[in-house]
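Worksheet: one structure, shown below.
So you know, we letter chains A, B, ... as the sequences are listed, proteins then strands, and number each from 1.
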2 protein chains.
Amino acid sequence: MFDQGDGAVVEHKTSRDPAMTDVARLAGVSHQTVSRVLNGHPNVREQTRLRVRAAIAELGYRPNKAARALVTGRSQLIGVVAQNSTLYGPASLLAAFETAAAEAGFAVSVGRVNVLDRNSISDAVERHRDQRVAGIVVIAPTASANDAVGAVSAGIPLVTVDGDPERSTPLVTVDQAAGAFAATRHLLDAGHRTVWHVSGPSDWFDSLGRIRGWRSALETAGMEVPPVVPADWSASSGYRAGQMLARMPEVTAIFAANDHLALGILRAMSERGRRVPHDVSIVGFDDVPEAAYFIPPLTTIRPDFHAVAKETLELLLAQVGDGDVGAPQRTVAPALVQRDSVAPPTE
Amino acid sequence: MFDQGDGAVVEHKTSRDPAMTDVARLAGVSHQTVSRVLNGHPNVREQTRLRVRAAIAELGYRPNKAARALVTGRSQLIGVVAQNSTLYGPASLLAAFETAAAEAGFAVSVGRVNVLDRNSISDAVERHRDQRVAGIVVIAPTASANDAVGAVSAGIPLVTVDGDPERSTPLVTVDQAAGAFAATRHLLDAGHRTVWHVSGPSDWFDSLGRIRGWRSALETAGMEVPPVVPADWSASSGYRAGQMLARMPEVTAIFAANDHLALGILRAMSERGRRVPHDVSIVGFDDVPEAAYFIPPLTTIRPDFHAVAKETLELLLAQVGDGDVGAPQRTVAPALVQRDSVAPPTE
DNA sequence: TCTACAGATGTTAGCGATAACAGCGCCTGT
DNA sequence: ACAGGCGCTGTTATCGCTAACATCTGTAGA
């Protein structure tokens, strides 16, 4: 029955990852001490701490997050619910948030949803709760999404992004109105008598906020407020709006609700022989990467998605800590990016 | 010492979620039987099964994934490593994969990476392993990403998407060459003597594959192969390439490596007074949502991202099951979408 | 009638971490 | 010299689940 000892000689006896007890044995301490070192507990002798760290490094030990999640009831995971689209704004927001969360040591689990209605969002939230996520972020740019969020928020840190500014639950948004105000103001400052607005879909808060800011800038300046030209977010709808506006000689300045709309408008103007910015000035919104390469390069409003992501994370983590932080709303002011699509009116 | 019974009367005594034992107690069975019902184990009497299901429904019980992950060593999570960009192809791929995984009951954890180098990718992969993900998907469209993946794949199911078709590890890609071949062939069929190509960045496999397919179509047809016009993926670089090509009267057909390049080329042609498709025919690649609204609507190649996502998931799950499936490479053929940017050459 | 076996269920033992408490030195104050 | 406290470490229980084995029932075959 004498065992040749092959079990004792082999260092990595099986493929099993090292656990905390393995580290403890190697360092000559208890697993609890290892845990304390890992969690930065103060009452550990420096020498012990070093020994444990050395053992961790030697074994290539990495803590099992599932075990930790089980005992603490929370994982280092944040769930995000987002619509299944590639629209620039939401997609950028999502990417920025993933980056910010990773920097803070959180993993991000994304639950895509095809339509932003109550059932879909509620399902996605429940799936995340099953994972024992630390918190949930919902990107809810439309009215229906906003209503749905109101119905599900319960018992877990939750932050809405890009939702209704009037919400009473934690929310972070780009200050659409401020951006629109700045855009409109910029056109008025250039000497235009009024500014036309091609807007996004009316069930998006982004659209409403931008309309509000635009109108407010005109009213503040005592200028006439022309009717809103409705569109969706697409270049094609911008093109159609542009075809109409190009036929109206009194139109000298346009604020487009996003850069894609602006692109369509540029195209329509160009086809009608109305030069930008000589005959017509245009400002967009979003600062998509291509905006600097439009013809002419587009003056636009740049939302700081990185800042939005950071605020969102902060708001979420504050809830994890205190359980309740009231219902703070935070807005992030966008910046005007001046390029070559704005000039004083001629004549 | 008589207790008024407030503990017994209150159904939801605390905020604690119901656990398997709670369900078991209510159904009058052991927690193991509940587990068997949940996992579809065959040896459970139908009547018992119903009783358990009723108890589950009554309590609103949802299994704790962390506990399951701890005991099985694997979570129902799939990690995705992707670059922090909003380029249409990778972004669409990611969204499609998230949807496909959700349909299969998996959550998706996204690890964004700013540059696709070895360290970043390796870090992201390790972070996912800490979460005990069931498998990892790396979107690796560039050479550096591909090398990095080669260095880290170890001991966990891993599928590369959009990587080097010559890889020896599991991989799913769009068949770039086939798409490019079809695009080029389509232009030749329209009667053009040859087809020029504006390509993407040379460190992307997508670019290389599209060049290969284009060249192959020309050679197969016995046509002259003009020099590749290099660009990146942006509309602006397409515009610059287009300015050059517009000056060359012998250029009657262009295959652009993606739709944004095509957009820039369209713009340049329009400015130079070369009409599309009357004077010059153009085919793009990607079928971005706006492509149907370009002027003129763009004939392009549509990759089936949904199919790529599905194949990727299959390949991943196959590895989870068997541990090893060899090194299958799967490609998904894209489709030609005919619109109005192609016509026979004039004269 | 009794054994054998299979199906249905229960019991026990972990998975790998944290939480709570216990114990052991050593310094301090009196 | 001794109680008390603090700093460091170890021991034990626990989270909610699955795996493995044990037990119990009923039925078929000898």
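The Gln32(B) side chain lies nearest to dT18(D) when the options are dT18(D), dA19(C), dG10(D). Nearest to the side-chain atoms of Ala67(B) among the listed nucleotides dT9(D), dG16(D), dG16(C) stands dG16(D). When distances are taken from the side chain of Pro63(A) to each of dA17(C), dT11(C), dC8(D), the shortest belongs to dA17(C). Side chain of Val71(B), nearest nucleotide from dT9(D), dG14(C), dA17(C): dG14(C).
Atom-to-atom, CZ of Arg49(A) to C1' of dT9(D) comes out at 13 Å; the value is rounded to the nearest Å. If you measure from atom CG of Asn39(A) to atom P of dG16(C), you get 17 Å, rounded to the nearest angstrom. Remark: C1' of dG16(D) and CG of Asp17(B) are 12 Å apart, rounded to the nearest angstrom. One can place CG of Leu50(B) at 12 Å from P of dT9(C), the figure rounded to the nearest angstrom. In this entry the distance linking CZ of Arg36(A) with P of dA17(C) reads 15 Å, nearest Å. Atom CE of Met20(A) is separated from atom C1' of dT11(D) by 15 Å (rounded to the nearest Å). The distance between atom CD of Gln47(A) and atom P of dG7(D), rounded to the nearest whole Å, is 19 Å. Leu70(B) has its CG atom 18 Å from the P atom of dA13(C), to the nearest Å.
Under 3.5 Å, the side chain of His41(A) and the base of dT18(C) form no donor-acceptor pair of N or O atoms.
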Donor-acceptor list for residues 34-41 of chain B side chains, cut-off 3.5 Å, not counting sequence neighbours:
{"from": "Ser35(B)", "atom 1": "OG", "to": "Asn39(B)", "atom 2": "ND2", "distance (Å)": "3.3"}
{"from": "Asn39(B)", "atom 1": "ND2", "to": "Ser35(B)", "atom 2": "O", "distance (Å)": "2.8"}

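Along DNA chain C, the nucleotide nearest to Thr48(B) and the one nearest to Arg68(A) differ in position, and the one closer to the 5' end is contacted by Thr48(B). The 5' end of DNA chain C is approached more closely, in terms of each residue's nearest nucleotide, by Gly28(B) than by the other of His31(A) and Gly28(B).
Rounded to 10 degrees, the angle between the two end axes of the helix from dT1(C)-dA30(D) to dT30(C)-dA1(D) is 50°, with five pairs used at each end.
In this structure, Asn64(A) reaches the sugar-phosphate backbone alone: every heavy-atom distance under 4.0 Å involves primed, P, OP1 or OP2 atoms, never a base. Across all strands, Thr33(A) comes closer than 4.0 Å only to sugar-phosphate atoms, never to a base (heavy-atom distances).
With a 4.5 Å cut-off on side-chain heavy atoms, Ile136(A) and Arg129(A) count as touching. Within the 4.5 Å cutoff, the side chain of Thr160(B) has heavy atoms near those of the Arg167(B) side chain. Within the 4.5 Å cutoff, side-chain heavy atoms of Phe97(A) are placed close to those of Val80(A).
Checking side-chain atoms of Asp147(B) against main-chain N and O of Ser144(B) turns up no donor-acceptor pair under 3.5 Å. Panel note: side chain Arg74(B), backbone Val133(B); a donor-acceptor pair is recorded below 3.5 Å. Side-chain N or O atoms of Gln329(B) include one that pairs as donor or acceptor with a backbone N or O of Thr169(B) at under 3.5 Å.
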Pair Thr173(B), Val161(B) - check side-chain contact (heavy atoms from CB on, under 4.5 Å), show working. CA-CA 6 Å; Thr173(B) 63; Val161(B) 181; over 6 Å; no
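Within the structure, a side-chain polar atom (N or O) of Ser35(B) is placed less than 4.0 Å from OP1 or OP2 of dT18(D). Contact between the side-chain N/O atoms of Arg45(B) and the OP1/OP2 oxygens of dG7(C) is not found at any separation under 4.0 Å. Within the structure, every side-chain polar atom (N or O) of Asn43(B) is placed at least 4.0 Å from both OP1 and OP2 of dA6(C).
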